[in-house]
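Just below is one structure, and these are the notes that go with it.
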Amino acid sequence: MLVTRPRGTNDILPGDTEKWQYVESLLRDICTRFGYEEIRTPIFEETDLFKRGVGDTTDIVQKEMYTFQDFGGRSLTLRPEGTASTVRAYVENKLYGGVQPAKYYYIGPMFRYEKPQAGRFRQFHQFGIECFGAAGPTADAEVISLAWQFYRDLGLKGLEVHINSVGCPKCRPKHRKKLQEFLAPKLPELCGTCQGRYEKNPMRILDCKSPICQELSAGAPTTLECLCDECREHFQEVLRLLDAAGIQYQIDNRLVRGLDYYTKTAFEIIVDAIGAQSAICGGGRYDGLIEELGGQPTPGVGFALGMERVFPTLKVQGIELEIPKAMDVFVAVMGQKPQAEGFRILTELRHAGIKAETDSLGRSLKAQMKYANRFNVAYTVILGEAELEAGRAVLRNMSDSSQEDVPLADIVKVICEKMGQEA
RNA sequence: GUGGAUAUGGCGAAGUGGUUAACGCUCCGGAUUGUGGCUCCGGCACUCGAGGGUUCGAUCCCCUCUAUCCACCCCA
């Protein structure tokens, strides 16, 4: 084969696309229930948007972005995540002039230059929501509750909500200072990346996976201990709301999100099903981001979940989605003359909203029946020279093999009645 | 970027330094005349990821490359 798909991308094929559509429509339905509206932004943006939005020091910006120059010399980047674009669109289109809070959802492909492995791809698909303009804890709780609702509706089990608060610009510097003081004597023993983090972003040392760093940072001052009054109250209120909604959670004071824009609430939903990947969903509050991207100071909360991680989870948990069958009726035709009449019936069935298929390869009746059987249709119309002359067609019930003669003039109506549809 | 594993017909999967490379599934066709799901029969035709090398001879041995999978890192 001359050309194959780019590394880390996937062809989503029939058989799977139905599952994607099912999940997507469930998500849309839930969003409608929660008052979130869809927003669609460009697949690529000015590179600067992500540098400022996601954070210059993050791995995503430093080594994972698909950045290119267009013929006009602009630096553009395939979006690595959805929040920055949504904020940009909110500010650029002056959506702050509308109803508040502004609640949006998006769903679509994201791009990161990663080494592919289980649950990780270079083009992957995220569903996410963003709520702008609500500073209070209700918004945080609602966002988590929406994600929870989705997993509940899908029937997934054993999911854990991990939650933490990373503070705000008022209390974070205090924590940073305390943390650096705590780690200073252990600095030489930390792993290479964490030594670098010490200056740039010491908070990230807390969720380093290296056992050595974990041990060294054990007992380190947590963000929770250093929260200012406002952040502490906010966090406690979020927890109280989750309790009220019956959502179980675990406080995880080592949970720190990898994107720079988070403030206060940070959360992940964890499941053990996708190889080394555990987070099926992640999000939190980002009260400084909108201002950072040129808007008025506006609070925001949201999350994103990876579509490529929900399907393996469904599989591991043995959950079958209820996908409606693809065909209701097959029209089998023999001979030249009946062909046109068969096509007329086929067309009218489809007009009536019935899923109908026919043979387009001129196969024998036997082969057509076999073909019909593969579609698992409820009825097959059989039309040959003899039937045509008699002005009737055979209607075969495929489940009990019973047959009846139906006048050609009535066949569509009869089928519609049987299928419980309106002619 | 680092490390490990694997690469055989549409899919799954045997196999050996040397005549026609198993098998299962799928697909297509057929089994007395115009009828499915079961059964039976036949077909899908030099091909063993790519390129070199060793050898009289390699799908099985060596080298290189590529791809895929998995893990680290990071994330959804």
Side-chain angles (χ1 to χ4, degrees), chain A residues 1-10 13 15 54 57-64 79-83 107-128 147 191-194 196-197 204 207-211 213 255-259 267-271 274-284 302-313 330 332-335 338 359 361 363-388 393-403:
Chain A
M1 176 173 273
L2 208 58
V3 178
T4 55
R5 62 175 185 271
R7 179 145 224 233
T9 64
N10 285 115
L13 305 174
V54 179
T57 63
T58 59
D59 281 6
I60 292 179
V61 169
Q62 286 190 337
K63 46 188 198 193
E64 295 184 352
R79 61 182 187 194
E81 57 101 54
T83 301
I107 183 162
M110 306 292 166
F111 305 84
R112 294 183 199 172
Y113 188 80
E114 306 217 44
K115 195 101 178 254
Q117 69 184 68
R120 299 177 60 183
F121 305 96
R122 292 187 173 176
Q123 172 172 338
F124 59 104
H125 298 77
Q126 281 191 334
F127 161 85
C191 76
T193 37
C194 281
R197 285 165 171 162
R204 294 206 50 80
D207 74 344
C208 180
K209 304 290 189 302
S210 151
C213 296
L255 170 60
V256 175
R257 312 252 55 240
L259 287 65
F267 75 94
E268 283 181 357
I269 297 182
I270 305 292
V271 68
I274 326 145
Q277 264 55 246
S278 56
I280 192 171
C281 160
F303 76 79
L305 66 85
M307 297 288 282
E308 281 83 356
R309 294 187 181 179
V310 347
F311 297 104
T313 309
F330 187 87
V333 174
M334 285 159 295
D359 167 67
L361 298 181
R363 284 184 273 214
S364 68
L365 178 60
K366 181 196 194 69
Q368 290 189 59
M369 294 302 291
K370 234 173 183 173
Y371 188 52
N373 193 244
R374 299 183 51 231
F375 291 117
N376 194 225
V377 294
Y379 293 95
T380 297
V381 175
I382 299 169
L383 186 63
E385 308 272 357
E387 286 79 9
L388 190 64
V394 173
L395 183 59
R396 181 179 178 88
N397 180 327
M398 296 298 275
S399 51
D400 64 12
S401 299
S402 64
Q403 297 193 163

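Treat the numbers as computed from the prediction; the structure is a model and nothing was measured.
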Checklist line | Whether over 12 other heavy atoms sit under 6.0 Å from A:F311 CZ | finding: yes
Margin query: With hydrogens left out and only the distance checked, is there a donor-acceptor pair under 3.5 Å joining A:R309's side chain and the base of B:C75?
Written below: yes
Checklist line | Nearest-Å distance once atom P is located in both B:C69 and B:A13 | finding: 15 Å
Margin query: Under 4.0 Å, counting only non-hydrogen atoms across every strand here, what does A:G119 touch: a base, just sugar-phosphate, or nothing?
Written below: base
Check: Does the side-chain ring of A:F124 sit on the six-membered ring of the B:A76 base, less than 5.5 Å centre to centre and under 30° in tilt?
Finding: yes
Notebook entry, point to check: For the pair made of CG in A:N373 and P in B:C27, what is the distance, rounded to whole Å?
Noted result: 10 Å
Note to self: How many whole angstroms separate atom CZ of A:F121 from atom C1' of B:U68?
What the structure shows: 12 Å
Notebook entry, point to check: Side chain of A:E308, backbone of A:H125: donor and acceptor closer than 3.5 Å?
Noted result: yes
Margin query: Base, sugar-phosphate or nothing for A:F375? Non-hydrogen atoms, less than 4.0 Å.
Written below: nothing
Check: Does A:P109 reach the side chain of A:R79, with side-chain heavy atoms less than 4.5 Å apart?
Finding: yes
Next item on the list: Sticking with atom C1', work out how far B:C65 lies from B:C72, rounded to a whole angstrom.
Entry: 24 Å
Checklist line | Side chain A:Q277, main chain A:A118, donor-acceptor under 3.5 Å | finding: yes
Next item on the list: Can you tell me, in whole Å, how much space there is between the C1' of B:G49 and that of B:U59?
Entry: 12 Å
Checklist line | A:N10 or A:R374, whichever maps to the more 5' nucleotide of RNA chain B | finding: A:R374
Next item on the list: Evaluate the criterion side-chain contact (heavy atoms from CB on, under 4.5 Å) for residue pair A:F330 and A:V381; output intermediate values, then yes/no.
Entry: CA-CA 6 Å; A:F330 187 87; A:V381 175; over 6 Å; no
Notebook entry, point to check: A:T380 side chain N/O closer than 4.0 Å to the phosphate oxygens (OP1, OP2) of B:U35?
Noted result: no
Notebook entry, point to check: Do you know the tightest heavy-atom contact between A:G8 and A:F121?
Noted result: O-CB, 3.2 Å
Next item on the list: Quote, to the nearest angstrom, the C1' distance that separates B:A22 from B:G12.
Entry: 14 Å
Next item on the list: Remember a base hit wins even if backbone is also touched, and classify A:A304 as base, sugar-phosphate or nothing at under 4.0 Å, heavy atoms.
Entry: sugar-phosphate
Item checked: Distance between P atoms of B:G9 and B:G15 (Å, rounded) -> 16 Å
Next item on the list: Take the protein atom NZ of A:K370 and the nucleotide atom C1' of B:G34, then report the distance between them rounded to whole Å.
Entry: 16 Å
Notebook entry, point to check: Would you say B:C75 has OP1 or OP2 under 4.0 Å from some side-chain N or O of A:R204?
Noted result: yes
Check: If you find the nucleotide of RNA chain B closest to A:G282 and the one closest to A:R363, which residue's nucleotide is nearer the 5' end?
Finding: A:R363
Notebook entry, point to check: Would you say the base of B:G37 and the side-chain of A:S401 have a donor-acceptor pair closer than 3.5 Å?
Noted result: yes
Check: Which of the following nucleotides, B:G34, B:A76, B:C69, is nearest to the side chain of A:P116?
Finding: B:C69
Notebook entry, point to check: Under 4.0 angstrom, heavy atoms only, what part of the nucleic acid is A:E268 near: base, sugar-phosphate, or nothing?
Noted result: nothing
Next item on the list: Return the nearest nucleotide to the side chain of A:A118; candidates are B:G37, B:G30, B:C70.
Entry: B:C70
Next item on the list: Please determine if a side-chain N or O atom of A:R7 lies less than 4.0 Å away from the OP1 or OP2 oxygen of B:U68.
Entry: yes
Next item on the list: Kindly indicate whether the side chain of A:E387, heavy atoms from C-beta on, has any atom under 4.5 Å from the side chain of A:P338.
Entry: no
Checklist line | Gap between atoms CD and C1', on A:Q126 and B:A76 respectively (whole Å) | finding: 5 Å
Next item on the list: Answer whether the closest heavy-atom distance between the side chains of A:V333 and A:D359 falls below 4.5 Å.
Entry: no
Check: For atom P, what is the distance between B:A71 and B:C62, given to the nearest Å?
Finding: 28 Å
Next item on the list: Please measure how far the C1' atom in B:C44 lies from the corresponding atom in B:G18, and state the result in whole Å.
Entry: 28 Å
Next item on the list: Classify the nucleic acid contact of A:R112 as base, sugar-phosphate or nothing, counting any heavy atom under 4.0 Å across all strands shown.
Entry: base
Next item on the list: Let me know the distance between CE of A:M369 and P of B:C28, rounded to the nearest Å.
Entry: 15 Å
Checklist line | Per A:A367 side chain, nearest of listed nucleotides B:A76, B:G30, B:U35 | finding: B:G30
Check: Any side-chain heavy atom of A:R122 sitting closer than 4.5 Å to one from A:Y113?
Finding: yes
Next item on the list: Return the value, rounded to whole Å, for the distance between atom CZ of A:R396 and atom P of B:G34.
Entry: 16 Å
Margin query: Stem list for RNA chain B, please, built from Watson-Crick and G-U wobble pairs under 3.5 Å and keeping only runs of at least 3.
Written below: B:1-7 with B:66-72, B:10-12 with B:23-25, B:27-31 with B:39-43, B:49-53 with B:61-65
Item checked: Proximal nucleotide (of B:A71, B:G37, B:A76) relative to the A:A276 side chain -> B:A71
Check: Looking only at atom C1', what distance separates B:C61 and B:G4, rounded to whole Å?
Finding: 23 Å
Note to self: For B:C69 and A:Q117 - does any side-chain N or O of the residue sit under 4.0 Å from the phosphate oxygens OP1/OP2?
What the structure shows: no
Notebook entry, point to check: Using a cut-off of 4.0 Å on non-hydrogen atoms, how would the nucleic acid contact of A:E385 be classed: base, sugar-phosphate, or nothing?
Noted result: nothing
Check: Of all heavy-atom pairs between A:V377 and A:M398, which one has the smallest distance, and what is that distance?
Finding: O-CB, 3.4 Å
Notebook entry, point to check: Where the side chain of A:E387 is defined as all heavy atoms beyond and including C-beta, which of B:A31, B:G34, B:A76 is the nearest nucleotide?
Noted result: B:G34
Next item on the list: Could you tell me whether the side chain of A:Q368 has a donor or acceptor atom within less than 3.5 Å of a complementary atom in the base of B:U35?
Entry: no
Item checked: Listed nucleotide nearest any side-chain atom of A:L365, set B:A76, B:G36, B:G34 -> B:G34
Item checked: Distance, rounded to the nearest Å, where A:Q62 contributes CD and B:G1 contributes C1' -> 14 Å
Item checked: Residues which pass side-chain contact (heavy atoms from CB on, under 4.5 Å) with A:T9, listed by chain and number, not counting sequence neighbours -> A:R5, A:P6, A:Q123
Checklist line | base_contact_polar (B:G1 base, A:E64 side chain, donor-acceptor, <3.5 Å) | finding: no
Item checked: A:K115 side-chain proximity, nearest of B:G37, B:G3, B:G30 -> B:G3
Note to self: At 4.0 Å (heavy atoms only), tell me whether A:I382 reaches a base, stays on the sugar-phosphate, or touches nothing.
What the structure shows: base
Checklist line | A:M307 CE to B:C75 C1', straight-line distance once rounded to whole Å | finding: 17 Å
